[in-house]
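One structure is given below, encoded as structure tokens.
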Amino acid sequence: MEDPSGYEHFTPADAIAHQQELRKQISIKELTSPIRTIAGADVSFNKNSEVLYAGIVVFTYPELKIISTATAIAHTTFPYISGLLAFREVPALFNAWNNLVIKPDLLVLDGQGIAHERRMGIATHFGLITTIPTIGSAKSRLYGNFNEPADKPFAESPMYHNNEQVGVALRSKVRCNPIYISPGHNISIRQSVDVIRNCIRGYRIPEPTRQAHFLVNKIRIEHGDGTAKQPGLFD
DNA sequence: GCGACAG
DNA sequence: ATCTTGTCGC
């Protein structure tokens, strides 16, 4: 398990080279051990602020009762660059992860897994450095072509790049845009979708991610970072 | 050159 | 991602 704390000084070229190196270790295969706990992770921040608020919420599975949470506040100067999200958010998430006393059997990240140009979405990246099985559940598409899934509960449509499937567009809620599911590491595509389906509780966003989102926004506001505005032109 | 572009 | 009120549709 390596330390992501050095990402701060990476250039975009360094980051891409690192992804090319890490991708060699990706394993997409059935998770055979039982899933008794699952967790959701998310990061919150103010636009144009270098402070990130990371949080992880652990649940029993498949009941989805919250049993534990952990947070971390971190600083970063790595900008948001499409395709390099992990280099901005993983260090903060890693700190929250280390603050978790009981590690879950599976972790859901807010972003892509292998549905990425180098198969290195944030879920895959986090799975590789922690060795924990991960699933990427994104609110919008980054990579992969697909047909619009039917407007029926849990309708699915595979996402491909050439002839390779990289994920699934899932209609988690009727009359809402689909969510994009892809395995991160140490789990299969089919299993990733089945687990996420079991985590949908009446909302478009799966419960682990939803609760993690509430948690990180709460600590951001508590920390007094809730209403920072654009730097005034005269102050 | 033009369009796309996780959070 | 965050800010932010109303408004259209089921």
Side-chain angles (χ1 to χ4, degrees), chain A residues 4 7 12 15-16 19 22-23 40-56 72-94 96 107-127 134-146 151-153 159-161 166-185 192 196 202-206 208-210 212-232:
Chain A
Y7 295 170
I16 291 173
Q19 290 183 326
L22 283 177
R23 71 178 295 180
D42 195 17
V43 172
S44 175
F45 56 87
N46 235 323
K47 189 180 180 180
N48 56 50
S49 165
E50 298 178 343
V51 180
L52 300 188
Y53 301 82
I56 298 175
I73 298 178
H75 173 274
T76 184
T77 54
F78 198 96
Y80 167 70
I81 298 174
S82 181
L84 302 180
L85 175 65
F87 295 87
R88 175 174 168 75
E89 300 193 348
V90 162
L93 287 170
F94 190 70
L107 179 66
V108 181
L109 283 288
D110 190 18
Q112 318 294 337
I114 62 171
H116 177 281
E117 47 266 63
R118 285 172 293 279
R119 303 297 182 275
M120 284 295 298
I122 190 169
T124 303
H125 195 126
F126 199 79
T134 57
I135 296 173
S137 173
K139 297 180 295 302
S140 59
R141 186 205 73 103
L142 169 65
Y143 187 85
N145 306 308
F146 66 100
D151 193 21
K152 294 186 291 187
M159 300 172 72
Y160 298 102
H161 176 241
V166 296
V168 166
L170 174 69
R171 188 76 64 185
S172 54
K173 184 174 184 184
V174 173
R175 277 172 267 106
C176 287
N177 289 323
I179 55 176
Y180 306 87
I181 311 303
S182 58
H185 184 52
S192 296
I196 293 300
Y203 297 93
R204 176 186 179 227
I205 305 303
T209 301
R210 244 183 115 243
H213 190 72
F214 288 144
L215 173 62
V216 295
N217 272 307
K218 185 169 84 74
I219 63 170
R220 179 172 59 83
I221 300 304
E222 287 176 348
H223 200 267
D225 201 357
T227 51
K229 294 191 173 83
Q230 294 271 350

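Proteins come first, then strands; the chains are lettered A, B, ... in the order of their sequence lines, and each starts at number 1. Because only heavy atoms are used, hydrogens play no part in the values below, and waters and symmetry mates are left out as well, while side chains stay in.
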5' to 3' contact window, DNA chain B with chain A (heavy-atom distance under 4.0 Å): B:dA4 to B:dG7
Between side-chain atoms of residues 167-178 of chain A and protein atoms elsewhere (two or more places apart, or another chain), which donor-acceptor pairs fall under 3.5 Å?
from, atom 1, to, atom 2, distance (Å)
A:Arg171, NE, A:Ala150, O, 3.2
A:Arg171, NH1, A:Cys176, O, 2.7
A:Arg171, NH2, A:Glu148, OE2, 3.0
A:Arg171, NH2, A:Pro149, O, 2.5
A:Ser172, OG, A:Arg204, O, 2.7

Check every strand shown and say whether [X] touches a base, only sugar-phosphate, or nothing at a heavy-atom separation below 4.0 Å.
{"X": "A:Leu84", "answer": "base"}
{"X": "A:His213", "answer": "sugar-phosphate"}
{"X": "A:Gly136", "answer": "nothing"}

Could you check how far [atom1] of [X] sits from [atom2] of [N], rounded to whole Å?
{"X": "A:Tyr53", "N": "C:dT2", "atom1": "OH", "atom2": "P", "result": "12 Å"}
{"X": "A:Ile219", "N": "C:dT2", "atom1": "CD1", "atom2": "P", "result": "12 Å"}
{"X": "A:Leu142", "N": "C:dA1", "atom1": "CG", "atom2": "P", "result": "14 Å"}
{"X": "A:Asn46", "N": "C:dA1", "atom1": "CG", "atom2": "P", "result": "13 Å"}
{"X": "A:Lys47", "N": "C:dA1", "atom1": "NZ", "atom2": "C1'", "result": "9 Å"}

What residues form a side chain to side chain contact (heavy atoms under 4.5 Å, CB included) with [X], not counting sequence neighbours?
{"X": "A:Val166", "result": "A:Ala115, A:Arg119, A:Met159, A:His161"}
{"X": "A:Leu84", "result": "A:Pro12, A:Ala15, A:Ile16, A:Gln19, A:Phe78, A:Ile81, A:Phe87, A:Arg118"}
{"X": "A:Leu107", "result": "A:Ala39, A:Ala41, A:Ile56, A:Trp97, A:Leu109, A:Phe126, A:Ile132, A:Thr134"}
{"X": "A:Pro4", "result": "A:Tyr7, A:Val90, A:Pro91, A:Phe94, A:Ile129"}

[X] [atom1] to [Y] [atom2] distance, which is reported to the nearest 0.5 Å:
{"X": "A:Arg210", "Y": "A:His213", "atom1": "CZ", "atom2": "NE2", "result": "10.0 Å"}
{"X": "A:Arg141", "Y": "A:Tyr180", "atom1": "CZ", "atom2": "OH", "result": "8.0 Å"}
{"X": "A:Gln112", "Y": "A:Ile181", "atom1": "CD", "atom2": "CD1", "result": "9.0 Å"}
{"X": "A:Phe214", "Y": "A:Ile219", "atom1": "CZ", "atom2": "CD1", "result": "14.5 Å"}

Side chains of [X] and [Y]: closer than 4.5 Å at any heavy-atom pair?
{"X": "A:Leu22", "Y": "A:Thr124", "result": "no"}
{"X": "A:Leu215", "Y": "A:Asp42", "result": "no"}
{"X": "A:Val51", "Y": "A:Asp225", "result": "yes"}
{"X": "A:Val43", "Y": "A:Arg88", "result": "no"}

Canonical and wobble pairing (Watson-Crick, G-U, under 3.5 Å) of DNA chain C, dot-bracket with |: ..........
All salt bridge (Lys or Arg N to Asp or Glu O under 4.0 Å) counterparts of A:Asp110, not counting sequence neighbours: A:Lys139
Dot-bracket encoding per residue of DNA chain B, Watson-Crick/G-U cut-off under 3.5 Å, | denoting interstrand: .......
Derivation and outcome, side chain to side chain contact (heavy atoms under 4.5 Å, CB included), residues A:Leu142 and A:Glu117: CA-CA 8 Å; A:Leu142 169 65; A:Glu117 47 266 63; 3.5 Å; yes
Interface residues of residues 115-122 of chain A with DNA chain B (non-hydrogen, below 4.0 angstrom): A:His116, A:Gly121, A:Ile122
With sequence neighbours excluded, residues passing ring-ring contact (aromatic ring centres under 6.0 Å, His included) with A:His75: none
Do any N or O atoms of the protein come closer than 3.5 Å to N or O atoms of nucleotides 8-10 of chain C, and which pairs are they?
none

Side-chain N or O of A:Asn48 closer than 4.0 Å to phosphate OP1/OP2 of C:dT2: no
